[in-house]
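A note on names: the letters A, B, ... follow the listed sequences, proteins ahead of strands, and every chain is numbered from 1.
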Amino acid sequence: MSAGVELDHVTVRFGDFTAVNSATLDIKGGEFFSFLGPSGCGKTTILRTVSGFLEPSEGKVRIGGQDMAGIGPNKRPTALIFQNLALFPLMTVTENITYGLRVRGVDKAARTKKAEELLELIALPGQGNKQMSELSGGQKQRVAIARALAVQPQVLLLDEPLSALDLKLRQHMRNELRTIQRMVGITFIYITHDQGEALTMSDRIAVMSDGVIQQIADGKTIYDEPATAFVASFVGENNPFAGTVVRADKSFALVETRFGRLHGRNPRGMKEGDKAILFVRPESLRLGAGASDTTLSSTVKSVAFEGNMTHVYLEGAGKKDITVSVGRQSTTSIPERGQMAAISYDAALGLALPEGQLARE
Amino acid sequence: MPRSAWLCRKGNWPVSSRFVVLVVPFVIIAIFWLLARREAKLRHDPTHKGYFERNGMTLGILFIVLVALWALFLVVLPYLYMVVESFHPQLPPSKRGGPEDVLTLEQYKSFFVQPVGGGLNVTHIGALVFSILASIAVTALNFAICYPLAYYMAQSSGAQKVRLLMLALIVPYWVNEILRAFALRLLLASRGLINQALMGLGITDAPIDFLGIDVGLYVGLSYAYLLIMIFPLYNAIESLDKNQIEAARDLGAPWWRIHRDVVIPYAKPGIASGCTMVFMLSAGSLAAPQFLGGPRTLWFTSVIYNFFFQNFNWARGSAYAFILLAACIALVMLMLRLFKVSLGETIK
């Protein structure tokens, strides 16, 4: 069974500090939903509010349509997987997994049966009698998932559970988590600062910055149609060109930047005179000139060959370089360091957004 | 005591058993010598820096001499002398080393069987049993007070609050033990503050004899060793990951189960360490039972004290002291075994 989670204008304050500012969203039952944002953006606070360790200062949390105000974490239909897993070191694998059932007074035979089922699910069959110290990082990870699933929660909350693992294992666990979620069919709420994790696993993602939800959409929309300058700069690589809109219509805007007038889509409907940032992703840029309003030129600072790609870094407007990613299929010759090079893009791949805070590098 | 008598005694033993004590220094010196030999052997290993290389010759010798003297005169010899003493009869100084100064179990026997009359020594056995049972009660009471406090300090309060609480706990111990005991006595006396308050409020008509029913004893002893319980508990609980408690809570555990299943098992070495120390210290305490115990209460250490300082029967006093020690150690070992804690863990 799975339940949806609704946040209705949830604000969480710690003294004068507002950790979450009026978050409103509706997570559907059975959805894999991620909160993505840099550390300190308030995503863990949201998770703790949903699990019941924090009460919102304002607003309501509803799980399965039921208001959760005043209901403690031990009474909510949620289970939390902690960043450091918080497995009980003095208990065996089975004791860890069945702890929630033991607390609920489930008899031993039923507990053992459930533990065996779950050990099967997490691919650790027959390892129930092991001590926690005998397990590897990935195995502990799976035991933590099994322990949370054992109490049959309607919502599983995951607080960056993969961050302690090495890269290979992390990628493997992504697939595994997604598979487990499809198998058990309950709502997963996943917290991460790693956009790769969010993009590969989630049905929908909420991008957060400074306690404010910037955008809620599926991964492709987040990447292709970022709603704010923050999302555009935080998710994936992006080249920002700040300037002022000099001409605009419903679909396109022309932005006056340090590199000339540049053309881009105008989804937010900016008007002439608005401060704007034009974003072009490195893979959307190509070497060589195109139409005059989608071409800029700058000095090549360095070239980095990365196997499948070559990154060319050009002098940017501020501290940040302009990055151009050149794929292997490109026949254009790579310029030398110190040369002036012209680069261009398709007008549809440029995106003009209102000026706003960018993600820190 | 004539020196010659030490060396050649009449009787079954060619030398006085007290002479054994004199052998100990040589044994200790031999141990240090063997340690030095081991050092010398390891010298061939170029990566190993020898003891004298690390400390220099002068300091090295000084350290060895100081440690040896400390071990010898402050630890080994006094205790050993008491052991030897406990196996001897009580004799006036002139007869010590004489023909009557033989090895005997008489002092130990006198604990069980009265030397005069031969009946079972109910008074002393009773005092030992009472002291041990009361010490167990004091330990339990102390734990019940300290555990919530230590948990609160370790898990739920800020650093500032912890410092304040620590200060509030430590400062009263600047007042000396006797003064504290008498202050408690004043509070609990039949005309004391508490009784007057109780009578003033009409809760009782006649004063309650708190001291007579040993309330003073339990309160005094519990308070005296509060810090000794609280620090090991605090240390143990403080290192527990907060997420463990939250995880248990998230899985549906009520608060008492979180303590039973997560906090107490984790803090077990600290609990064992605190309980062992409080038990040992209260069983061996002298001042609080003497000042706060009821008139019918006989604490075992008072019995020992009286043998030493009133009857001048050092032999019997030391025998009793060792009986107390053995009983306490046996009980502690049994408890550690029962709760599956190893002795090593409690020292950590």
Check [X] against [Y] and note the closest heavy-atom contact, atom names and distance.
X         : Y         : value
Asn74(A)  : Ala253(B) : ND2-O, 3.5 Å
Met91(A)  : Asp261(B) : CE-O, 3.7 Å
Gly252(B) : Val103(A) : O-CG1, 3.1 Å

message: Only heavy atoms, only distances under 4.5 angstrom. Which residues in residues 233-250 of chain B are near chain A?
response: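 Asp241(B), Asn243(B), Gln244(B), Glu246(B), Ala247(B), Ala248(B), Arg249(B), Asp250(B), listed by number.
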- prompt: Under a 4.5 Å heavy-atom cut-off, does chain B meet the side chain of Phe88(A), its backbone, both or neither?
  reply: both
- prompt: Measuring heavy-atom distances to chain B, does Leu85(A) have an atom under 4.5 Å in its side chain, in its backbone, in both, or in neither?
  reply: neither
Would one find more than 12 heavy atoms of other residues, nucleotides or ligands at under 6.0 Å from atom [atom1] of [X]?
X         : atom1 : answer
Asp107(A) : CG    : yes
Phe339(B) : CZ    : no
Arg337(B) : CZ    : no

- prompt: With chain B, which of Leu90(A), Leu157(A), Leu101(A) has the greatest number of heavy-atom pairs at distances under 4.5 Å?
  reply: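 So the answer, after comparing Leu90(A), Leu157(A), Leu101(A), is Leu90(A).
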- request: Identify which of Arg104(A), Lys75(A), Gln83(A), Arg76(A) forms the greatest number of heavy-atom pairs closer than 4.5 Å to chain B.
  value: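 If we count pairs closer than 4.5 Å to chain B, Arg104(A) comes out on top.
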- prompt: Is any residue of residues 35-68 of chain A within less than 4.5 Å of chain B by heavy atoms, and which ones?
  reply: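 Arg48(A), Ser51(A), Phe53(A), listed by number.
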